[in-house]
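Position 1 is the first residue of the sequence; numbering continues from there.
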Amino acid sequence: MIVMKFGGSSVESRAQIEKVLHIVRARLDRRPVVVSSAHKGMTDALINAAKLAATGKYDPSVVVSKQRAVAEALGCAPELLAPFYEEIADLLRGISLVKELSPRSLDYIASFGERMAVRCIADFFARSGVPARAYDVWDLGFITDSSFGRARPLPGFDARVKAMFAERVPEGVVPIVTGFVGRNEAGEITTVGRNGSDLTATLLAAGLGAEEAQIWSDTDGVMTADPSVVKTARNIPTMRFDEAAELAFFGSRVLHPSTLLPAMEKGIPVRVLNTNRPDHPGTVIDFNTEAGSPAVTSIAYRERQAVLKISSSRMFGEVGFLAQVLAVLARHEVVIDVITTSEVSVSMTTDDLGKLSRALPELEGFGACEVLPNRTTLVVVGKGLPKQKGVAAQVLEAMAEAGVNVEMLSYAMGSINLSMVIEDATVAAAVAVLHRSLFEKAR
């Protein structure tokens with residue numbers, strides 16, 4: 001068995017879904033389980049409609065017309081999605097009346113994209129000669145906690161999934177399963193987070209003991225840099241789980257940050273492939289890499305970060321100062337990524353300026369606080385970083401050549417990740433010169 005996840009760009013239109021059909025049909029002997037995202041742009045359209053409704057403006061037409069266009073192009077009968085259109089309209093009307101959009105309601109409205117997409121795709125597959133059936137993933141055992149927007153399966157997930165698949169998926173039928181969504185024990189719809197269909201796929205692969213999880217997108221696997229920024233970025237044939245996890249967390253556009261954890265726990269390879277070039281081998285992620293692979297694997301970045309700097313002479317020699325600061329941040333649920341210290345100051349990055357602002361009154365009791373928005377965490381990842389001399393110098397030389405000021409620098413003992421903080425406006429220049437220095441000159 002293999003689990004195949006197809007992203008929004010892979011299922012955005014009839015032309016793309018026909019590609020998915022051919023890909024799945026060629027792998028029927030491997031008993032594929034298909035996990036689908038919503039059609040490209042649909043989740044954003046749903047969320048925007050809900051936010052608009054929360055201001056009192058009720059307009060389901062944009063969402064419904066967008067989905068109806070895809071369904072009609074696929075030749076789906078009008079009644080296939082009619083109940084969903086009615087439910088969306090009712091939900092948006094309710095939000096517009098109370099002018100309130102709770103995390104629970106946001107997950108509910110966001111779920112419709114995947115739920116409608118799998119029904120269209122399964123219907124199209126069946127009419128095209130591939131026996132397929134649509135499933136909401138919660139009907140196959142994906143029962144979660146109630147952490148709306150970042151839900152995770154409850155204990156016993158593997159056993160539930162195996163039992164539900166055996167009971168509800170007939171032999172020879174290709175299940176087309178909703179990604180991204182779940183349902184808690186109270187029956188309320190949850191989501192695992194934006195772009196979370198990758199995580200759904202690897203959780204199912206781990207629970208079912210699949211031989212491989214495949215993530216199908218619009219790039220040739222994991223690349224040495226973001227191809228939209230660096231046109232000369234190239235494919236990475238193989239990489240380790242820890243390298244891929246670092247890249248995903250720090251902004252690689254290919255994988256959801258939590259995707260790899262279930263696969264790592266069960267030792268299931270994850271293969272990243274291109275729907276538009278299905279014969280390309282893509283990238284295989286597992287515990288092993290090819291001998292002689294380069295010291296640096298890839299470059300990634302996370303924009304729109306904020307830096308908090310606390311300056312205080314109290315830090316000098318005081319026991320527990322940093323622990324107290326971090327305790328305040330924890331109470332306000334501020335997630336910290338990069339942190340650097342000196343004897344009289346500490347600087348750290350976060351992606352949630354709102355939560356950080358709420359923590360500031362307490363933090364100002366420790367010293368002078370300065371918040372610098374519009375920053376990017378730029379990372380260089382590679383298993384050879386701890387061993388290869390001169391890589392850090394090469395990185396900093398490239399940044400100087402690009403005319404980019406490195407405001408923070410972090411590299412832990414034995415780490416495979418060198419992190420820098422720069423201004424958002426300098427990202428394109430930094431990444432281009434850094435890629436040329438680390439990858440293109442070495443050719």
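- Comment: E167 does not engage K162 in a salt bridge, judged by the lack of any side-chain N to carboxylate O separation of less than 4.0 angstrom.
- Closest approach of V296 to F439, counting heavy atoms only: O-CE2, 3.5 Å.
- A donor-acceptor pair under 3.5 Å is absent between the side-chain atoms of S437 and the main chain of V433, judged by distance alone.
- With D351 as the partner, the side-chain hydrogen bond (donor to acceptor under 3.5 Å, both in side chains) test is satisfied by one option alone out of R304, R375, R302, Q305: R302.
- With salt bridges taken as basic N to acidic carboxylate O contacts below 4.0 Å, one links R119 and D136.
- Between F241 and F287, the ring planes are perpendicular. Angles over 60° get that label, and only those under 30° would be called parallel.
- One side chain, D220 or N274, offers a donor N or O that lies under 3.5 Å from an acceptor on the other.
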Steps toward side-chain contact (heavy atoms from CB on, under 4.5 Å) verdict (R168, D139): CA-CA 8 Å; R168 298 183 178 182; D139 291 329; 3.5 Å; yes
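- Both tests pass for R115 against the ring of F112: distance under 6.0 Å to the centre and angle within 45° of the axis.
- Among all heavy-atom pairs drawn from A117 and S37, the shortest one is CB-O, 3.6 Å.
- A heavy-atom distance below 4.5 Å is not found between the side chains of L378 and V421.
- Contact record, T43 with A38: OG1-CB, 3.7 Å, taken as the closest heavy-atom pair.
- Counting only distance, with no hydrogens or angles, the side chain of S298 and the backbone of M223 share a donor-acceptor pair below 3.5 Å.
- Enclosure of atom NZ in K99 is not indicated, since only 12 or fewer non-hydrogen atoms of other residues, nucleotides or ligands lie within 6.0 angstrom.
- Between E188 and R104 there is a salt bridge, with a side-chain nitrogen of the basic residue lying less than 4.0 Å from a carboxylate oxygen of the acidic one.
- In this structure, the separation between OG1 on T376 and CD on E407 is 10.0 Å, given to the nearest 0.5 Å.
- Under a 4.0 Å N-O distance rule, the pair K51/D44 does not qualify as a salt bridge.
- Taking a cutoff of 4.0 Å between a charged side-chain nitrogen and a carboxylate oxygen, R152 and D145 do not qualify as a salt bridge.
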